[in-house]
Amino acid sequence: MMSVNLGQSAVWDFLRKHGLLTTCASITVACLNSPTNSTLSGDEEAIHMVKSRLDEAGIFAQTLSTGVAYHSPAMKSIVSEYLSLLGYLVPAHPEQNSPAVMISTVTGKPVDASALSNPEYWCSNLVNPVKFLDAISTTITDVVPEIATFIEVGPHGALRRPLRDTLSHISPKPSIGYISALDR
């Protein structure tokens, strides 16, 4: 996998312009991080070939040490096993009238407990791109326009830059804070 400073359509334009669509056919956009950043997934040889061309073009690209081509069709080979391991999921029963809303990075839209209890939802998460850009845009424009601060819960503030990039492309530019629960 590789993080690259190109939005989704710019990735495909770059691959087309440099004749890499056929030779690097395994490359897919695994994460739509922001309007100016994507994560690419694919076999190691193709990733290195694309990185070399991006480096030559002066475009930031950083390989990610994941060991697996997450959020790509490459994961289809394990979907059956994953589905059987998930088994039956019991939906949570949130308090009625709860103001909490979850925005799915699978769809970029609000999602409810019944969708989250469907194992196919999680299989879709495994093989399809992460729509972080869409989820943030939906949150700000449709769900919680008065949001004051995003809190990232994870081992490090990995989403700080994609969040800020996305916010800078929304007009009028919202004044929203960011906090990471943990830092390396």
Side-chain angles (χ1 to χ4, degrees), residues 1-75 103-109 124-144 147 149-184:
M1 294 185 79
M2 174 172 56
S3 175
V4 59
N5 277 359
L6 294 172
Q8 181 180 19
S9 62
V11 165
W12 297 120
D13 291 344
F14 181 89
L15 295 176
R16 191 175 301 105
K17 177 181 174 186
H18 292 275
L20 296 171
L21 284 175
T22 305
T23 56
C24 297
S26 72
I27 296 289
T28 62
V29 175
C31 302
L32 310 166
N33 300 319
S34 78
T36 58
N37 185 269
S38 301
T39 301
L40 305 183
S41 191
D43 67 59
E44 193 172 344
E45 184 178 324
I47 289 290
H48 289 299
M49 187 180 297
V50 172
K51 182 172 184 336
S52 176
R53 293 287 179 90
L54 289 162
D55 289 345
E56 289 171 9
I59 298 170
F60 171 83
Q62 180 178 1
T63 55
L64 306 172
S65 186
T66 60
V68 178
Y70 292 111
H71 308 294
S72 78
M75 299 305 292
I103 308 300
S104 168
T105 57
V106 173
T107 64
K109 305 286 181 208
S124 181
N125 181 56
L126 192 63
V127 301
N128 291 308
V130 172
K131 296 181 179 180
F132 183 74
L133 167 62
D134 295 345
I136 293 301
S137 297
T138 296
T139 300
I140 294 167
T141 58
D142 300 338
V143 180
V144 192
I147 192 165
T149 304
F150 279 97
I151 301 172
E152 181 174 349
V153 179
H156 187 67
L159 300 174
R160 176 182 289 122
R161 191 172 138 236
L163 176 65
R164 288 186 177 152
D165 288 350
T166 300
L167 294 176
S168 72
H169 282 79
I170 294 174
S171 183
K173 184 178 176 184
S175 176
I176 298 174
Y178 168 89
I179 298 170
S180 176
L182 298 171
D183 283 313
R184 282 188 200 123

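Given the structure is predicted, the values throughout are model-derived calculations rather than measurements.
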Residue pairs, two or more places apart or on separate chains, that pass salt bridge (charged side-chain N to carboxylate O under 4.0 Å, His left out) and touch residues 15-28: Asp13-Arg16

When rounded to the nearest 0.5 angstrom, what is the spacing between CG in Asp55 and CD in Gln62? 11.0 Å

Check Val68 against Met75 and note the closest heavy-atom contact, atom names and distance. CG1-SD, 3.3 Å

Which salt bridge (charged side-chain N to carboxylate O under 4.0 Å, His left out) pairs, counting each pair once, include a residue from residues 27-49, with sequence neighbours left out? none

Test item: His156 side-chain N/O and Arg184 main-chain N/O as donor-acceptor pair under 3.5 Å: yes

Do you know which two heavy atoms are closest between Trp12 and Thr28, and how far apart they sit? CH2-CA, 4.1 Å

Would you mind reporting whether Ser41 and Ile27 have side-chain heavy atoms less than 4.5 Å apart? no

Taking Met1 as the fixed residue, which of Thr63, Ile47, Thr66 is the one that meets the side chain to side chain contact (heavy atoms under 4.5 Å, CB included) rule? Thr66

If the condition is side chain to side chain contact (heavy atoms under 4.5 Å, CB included), which residues does Ser104 pass it with, not counting sequence neighbours? Val106, Thr107, Val111, Tyr121

Nearest heavy-atom neighbours spanning Tyr178 and Thr149: N-CG2, 4.1 Å

Applying side chain to side chain contact (heavy atoms under 4.5 Å, CB included) to Val11 and not counting sequence neighbours gives Val4, Leu6, Leu15, Val29, Ser38, Leu40

Tell me the closest heavy-atom pair linking Ser26 and Ala46, and the distance in Å. OG-CB, 3.6 Å

Leu20 to Arg53 - nearest heavy-atom pair and separation: CD1-CG, 3.8 Å

Taking all non-hydrogen atoms of both residues, which atom of Val50 and which atom of Cys24 are closest, and how far apart? CG2-SG, 3.8 Å

What's the separation between atom CD1 in Ile59 and atom CD in Glu56, rounded to the nearest 0.5 Å? 11.0 Å

To the nearest 0.5 Å, what is the distance between OH (Tyr70) and OG1 (Thr39)? 13.5 Å

Distance-only check: which donor-acceptor pairs under 3.5 Å involve side-chain atoms of residues 157-164, not counting sequence neighbours?
residue, atom, partner, partner atom, Å
Arg161, NH2, Asn5, OD1, 2.5

With rounding to the nearest 0.5 Å, note down the distance linking CG in Leu54 to OG in Ser52. 9.0 Å

When rounded to the nearest 0.5 angstrom, what is the spacing between CD in Gln8 and NZ in Lys131? 8.5 Å

Solution key, residues 135-143 side-chain donor-acceptor pairs under 3.5 Å, sequence neighbours excluded:
residue, atom, partner, partner atom, Å
Ser137, OG, Leu133, O, 3.0
Thr138, OG1, Gly108, O, 2.6
Thr138, OG1, Asp134, O, 2.9
Thr139, OG1, Ala135, O, 2.7
Thr141, OG1, Ser137, O, 2.6

Just how far is it from atom NE2 of His71 to atom OG of Ser124, taken to the nearest 0.5 Å? 11.0 Å

